Every structure is written in C-alpha cells, then in structure tokens.
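Remarks on the structure that follows.
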Amino acid sequence: MRQFRNMAMPYIVWMVVMIVLPMLLIMLYAFTDQGNDVATIRFTLENFTRFFSDKVFMSVLKRSLYIAVVTTVICIFLGYPIAYVIANRSEKSKMFWILLITLPTWINMLVRTYAWMGILQDEGIINWLLGFLGIGPITMIHTTFAVVLGMVYNFVPFMILQIYTALTKMDKSFLEAASDLGANKVQSFLRVTLPLSLPGVISGITLVFLPAVSSFFIPKLLGGGQYVLIGNVIETEFLTSGDWNFGSAISLAMAVIIMISMYITKKVDNDPTANGKGE
Amino acid sequence: MEKKKTSLFSKILLGLTAVFFYVPILYIILFSFNSSRSLTKFEGFSLRWYEKMFADSTMMEAVAYTVIIAVLATIISTVVGTLTAIGLSKSRKLMRAVVEQVNNLPIMNPEIVTAIGLLMFFSALGVKKGFLTLLLAHVMFCIPYVILSVTPKLRSLDPNLADAALDLGATPMQALWKVIVPQIMPGIISGALIAFTMSFDDFVISYFVTGNGVNNISILVYTMSKRVNPSINALSTLVILLITVVLLIVNVIPIIKEKKGRKVT
C-alpha cells in the first residue's frame with residue numbers, strides 16, 4: 001500500500017507553493033514598507049499604525065463589523081425557524097425543500113446580487129407592491145438595508161443547511177424522554193432541541209460572518225459606489241492605488257479580527273452538549 | 001387544533017422562503033425578455049438583448065473563458081485531488097493532519113485574502129496576469145474541495161480491498177483503477193461538481209488574478225453593472241440555464257443508470 005503514498009507528494013509541493021507562499025507574501029508585505037526589491041526591504045509597523053489611527057478607516061472597519069453582525073443575527077433568526085420547519089417534515093418533503101434552498105447557492109452570487117438591483121429600485125417591484133398599500137415609494141437601493149438584504153439573501157442558505165443538519169442528526173429519543181418526564185413543548189425545545197442544535201448554529205455563524213465581513217461586491221452593487229466596507233478598501237488598495245503593503249496590512253488585520261471573533265463564538269458555546277460536532 | 005396551527009405557520013414560512021429565494025432569479029429571467037431598457041417596467045416580449053449578447057464579442061469571449069477555465073480546472077483538480085486523497089489515506093497520521101490543515105486554508109480564509117495573496121505571488125514570479133494565472137488560481141481553490149469530498153469515502157473504504165487486489169496479482173495501477181476508484185466514485189463526482197460550480201461562479205479571486213482582457217462572466221457582470229445594460233440579464237439567464245442543466249445532468253444520470261442496471265439484471 002505504500003506505493004500509493006507518493007501520490008500525495010505533487011500536491012504537497014503545489015500546496016506549499018500556491019497556498020503557503022502567497023500567505024507568507026501577505027505577511028511580508030504587511031510588515032514592510034514600499035520598495036518591492038528584496039535588497040531595500042525594511043521592516044515596519046507603519047502600515048498597521050496608519051490603519052488603526054485613521055478615523056476614516058476605523059469607521060469603515062466598524063461599519064463592516066456592524067453589517068456583518070447584523071447580517072449574522074438576522075440569518076440566525078430567519079434560518080433557525082426555516083431549518084426547524086423543514087427538519088420536522090416528511091422525508092420526501094425534506095429532500096425537496098433542502099434541494100430548493102441549495103439550488104440558488106449553485107448559481108453565481110454576483111448574478112443573484114445583481115437581480116436585487118432592479119427589484120430594490122425606487123420604481124421597482126417592491127415599491128410597486130407597496131404602492132397598492134398606499135406606502136412609499138421608499139428608497140431602498142444604496143442603503144444599509146439593501147446591503148444587509150443582499151448579504152442575508154446570499155448567505156442565509158449556509159445557516160439553514162448547517163442548522164438543518166444539526167437538527168436531523170439529533171437523537172429523537174431525547175425528545176420522547178423529555179416529554180415522558182413531563183416537559184411541555186416549549187420546555188423540551190429550550191432544554192433539548194436548542195442546545196443540541198447549537199453546534200449547527202455556531203458553524204452557520206462562521207459561514208455567514210466570514211464572507212459578510214470581507215464581501216466587497218455586495219456593498220458595491222447594492223450600496224452604491226459611496227458605500228465602503230473593509231473589502232472595498234482592500235480592493236482599492238490593490239487594484240487602484242497600488243499600495244500593496246498597506247492593503248496587505250488591512251487584509252491581515254481583517255483576517256485576525258475574523259479569527260478572534262470565531263474564537264470568541266466557539267468559547268461562548270462551551271456547552272458540554274455541543275461537543276458532538278466532529279462527527 | 002395546535003397541530004393545524006403549526007402546520008399553517010410552517011406552510012407560510014416555507015412559501016415565503018421559496019418566494020425570497022426564487023423571485024430574484026425569476027426577475028432576471030423575465031427582464032431578459034423585456035423589450036425596453038428598463039429594469040423595473042416590463043414593456044413587452046423581445047429577444048433583442050439576447051441578439052445583443054450574442055453579437056457582443058466581449059460577452060461571448062467571457063462565456064468561452066468561463067467554460068474553458070471551469071472544464072480545465074475541474075479535470076485537473078479532480079484528478080489531482082483524488083490521487084492526493086488516496087495518497088494521504090495511506091500516509092502517516094502527522095503528515096495527513098498537516099496537509100489537511102493547510103488544505104483547509106483557502107476554504108477558511110476570506111476569499112479576498114486568498115485573492116491578494118495569489119495576485120502578489122504571480123507578480124513576484126513575474127507571470128503575466130491572464131489565462132494562465134486564472135487557471136492556476138482556479139485549480140488552487142478547487143483541489144481542496146475535491147479532497148474534502150473524496151476523503152470521507154476513502155475512510156469508509158475497507159483498507160484490505162486494495163491489498164486483496166494486489167495479492168491476487170493486480171498491479172498497483174490496476175488496484176487503484178479497478179478497486180479503489182470505483183468505490184469512491186460518488187465522492188469523486190460530487191467533488192468534480194463542486195469544483196465545476198466553484199470555478200464557474202467565481203468572482204473575487206478571478207477579479208484579482210486576471211488581466212489582459214481575459215474576463216469571466218462574473219467579472220463582466222461586475223464591471224458592466226455600473227451602467228444599465230439589459231444584456232447582463234440575458235447573460236445571467238444563460239448562466240442560470242447552464243448551471244441548472246449541469247445540475248440536472250449530474251442528478252439525472254445516476255437515476256437513468258440505475259434504471260438501466262435494473263433492466264439488465
């Protein structure tokens with residue numbers, strides 16, 4: 001069987017070159033100043049101090065985190081009931097609804113985000129419907145609402161699927177035991193179902209929060225050119241102003257912030273029942 | 001009574017969910033047939049945006065690049081990913097753990113971070129941005145998904161099977177091709193499908209690593225969406241159609257095969 005071992009070797013080399021080296025490059029650029037020549041390299045923390053001491057950048061960072069948190073919270077409160085309802089349906093119906101929710105995720109995110117540009121216009125379909133109720137027109141495009149909506153639309157399937165998986169994996173006999181012991185529906189939900197499905201919620205949070213913090217085409221398309229999130233700053237630094245050192249520092253700071261948030265989320269969830277996740 | 005109430009609630013919730021997910025998609029398809037430029041008022045059926053799209057060489061080039069890159073990236077990443085997964089399953093635990101960790105990096109990292117890493121890497125090597133960098137980048141982010149979907153199938157595989165084949169005189173190649181690969185085929189197929197759609201739909205990484213006029217559909221939609229251009233709707237409809245067909249083929253073929261298999265036996 002050892003003869004098969006070598007088959008992994010080419011990819012290990014590729015991985016070091018294509019995955020590890022680029023990451024090291026980001027770190028190198030983040031901690032050095034301009035001058036791409038190896039000979040003139042100078043280590044500095046300037047890129048970071050510039051980022052963290054600039055009021056404009058800090059407000060962009062705050063806004064990005066705020067949007068990501070709001071998106072994540074909405075995805076939990078929207079995704080949980082949907083996942084719960086689907087998980088309690090018949091096998092056939094489950095398959096159908098999960099397919100229905102998975103299908104759009106296979107379709108280009110940019111295309112689906114672009115679709116909302118038309119829907120959210122002042123004279124778009126939503127305002128047309130609101131007109132019948134005598135409301136509006138309400139300006140929706142190029143607002144925070146539009147950006148959050150676009151993110152929820154794109155990312156909530158991940159939340160639903162994670163929670164759904166956790167709910168269907170759950171041992172149903174726990175619920176029977178709870179009701180045998182006299183728990184009513186609300187109690188058995190709060191004491192049994194909810195804690196057992198938390199690992200799904202946690203991995204759902206990871207899958208929503210991470211792309212929400214770093215997204216740059218959703219704010220551009222639905223928030224308009226003036227709506228800047230941290231991803232847009234990185235895009236500008238790399239593709240317009242060409243300050244790769246500063247851009248790398250921002251990306252690194254963002255990655256670290258994301259890692260810390262993930263760590264905190266997992267720490268908060270130190271419920272002993274949550275350990276069955278690895279299966 | 002209580003049961004009926006909950007089922008009514010669940011029906012409404014599921015109905016709204018379907019509306020939420022599918023209205024934007026149907027909206028794009030509908031407006032791709034609009035006779036006017038408007039994105040908000042449907043003024044009559046027409047195919048003019050399709051004509052415009054097919055006549056537009058940048059759009060057709062983007063479609064061609066998207067398909068070519070997706071097919072190549074799928075083939076390369078499926079072959080390399082599968083071989084790597086098999087190799088890893090026979091490797092020492094420590095090696096496996098390290099490779100799996102590094103392999104997860106592109107999946108766990110924000111896409112934009114992977115994108116700028118590759119951008120700087122290619123430029124450090126002096127590789128010209130274009131088709132080659134786009135393909136390399138796509139292969140890079142597709143392989144981890146193939147490995148992730150093949151590995152569980154290998155884990156549930158009886159490790160003695162390949163040994164048995166070797167004992168019975170099969171060459172390692174035969175054991176691999178005739179014993180291991182057929183057993184893990186479902187994992188390989190789903191890995192290939194994920195790779196194809198990941199590549200076909202990719203925007204962020206492609207946007208950073210491409211250049212010299214090599215665009216894919218996503219990049220084109222992004223750059224064109226700044227102005228009203230209903231050809232984007234036609235292009236988007238084409239994308240939706242293509243992906244739906246691919247998904248249908250992948251889901252329907254096993255069913256047909258199964259039926260045929262039943263007829264034979």
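For the numbers below, each heavy atom of this structure counts, side chains included, while hydrogens, waters and symmetry mates do not. Below, chain A is the first sequence line, B the second, and so on; all start at residue 1. The shown structure was predicted, so the numbers you read here are calculated from the model rather than taken from an experiment.
For the pair Cys142(B) and Phe196(B), the minimum side-chain heavy-atom distance is 4.5 Å or more. Two residues are said to be in side-chain contact when any heavy atoms from C-beta on lie closer than 4.5 Å; Asp201(B) and Met109(A) fail this criterion. At a threshold of 4.5 Å between non-hydrogen side-chain atoms, the residues Thr32(A) and Asn47(A) do not count as touching. Between Leu222(A) and Phe217(A) the shortest side-chain heavy-atom distance does not fall below 4.5 Å.
When heavy atoms are compared at a cutoff of 4.5 Å, Ile160(A) approaches chain B solely by way of its side chain, counted from C-beta outward. Of the two parts of Met259(A), neither the backbone nor the side chain holds a non-hydrogen atom closer than 4.5 Å to a non-hydrogen atom of chain B. If you measure heavy-atom distances from Leu100(A) to chain B, the contacts under 4.5 Å come from both the backbone and the side chain. Heavy-atom distances place the side chain of Thr17(B), and not its backbone, under 4.5 Å from chain A. Interface remark: Leu88(B) contributes backbone and side-chain atoms alike to the contact with chain A (heavy atom separation under 4.5 Å). Of the two parts of Leu83(B), the backbone and the side chain both hold a non-hydrogen atom closer than 4.5 Å to a non-hydrogen atom of chain A. For Pro81(A), the parts sitting under 4.5 Å from any heavy atom of chain B are the backbone and the side chain alike. Residue contact with chain B, scored on non-hydrogen atoms closer than 4.5 Å, involves the side chain of Trp14(A) exclusively.
With a 6.0 Å radius and a threshold of 12 heavy atoms from other residues, nucleotides or ligands, Met224(B) has its CE atom above the threshold. Counted within 6.0 Å of CD on Gln226(A), heavy atoms from surrounding residues, nucleotides or ligands total 12 or fewer; the atom is thus considered open.
Checked against a 6.0 Å centroid threshold, the rings of Tyr114(A) and Tyr222(B) do not count as neighbours. A centroid separation of less than 6.0 Å is found between the aromatic rings of Phe216(A) and Phe203(B).
Identified by a heavy-atom distance below 4.5 Å to chain A, the contributing residues of residues 92-99 of chain B are Arg92(B), Met95(B), Val99(B), in residue-number order.
For chain A, the option among Thr244(B), Val139(B), Leu16(B) with the highest count of heavy-atom pairs below 4.5 Å is Val139(B).
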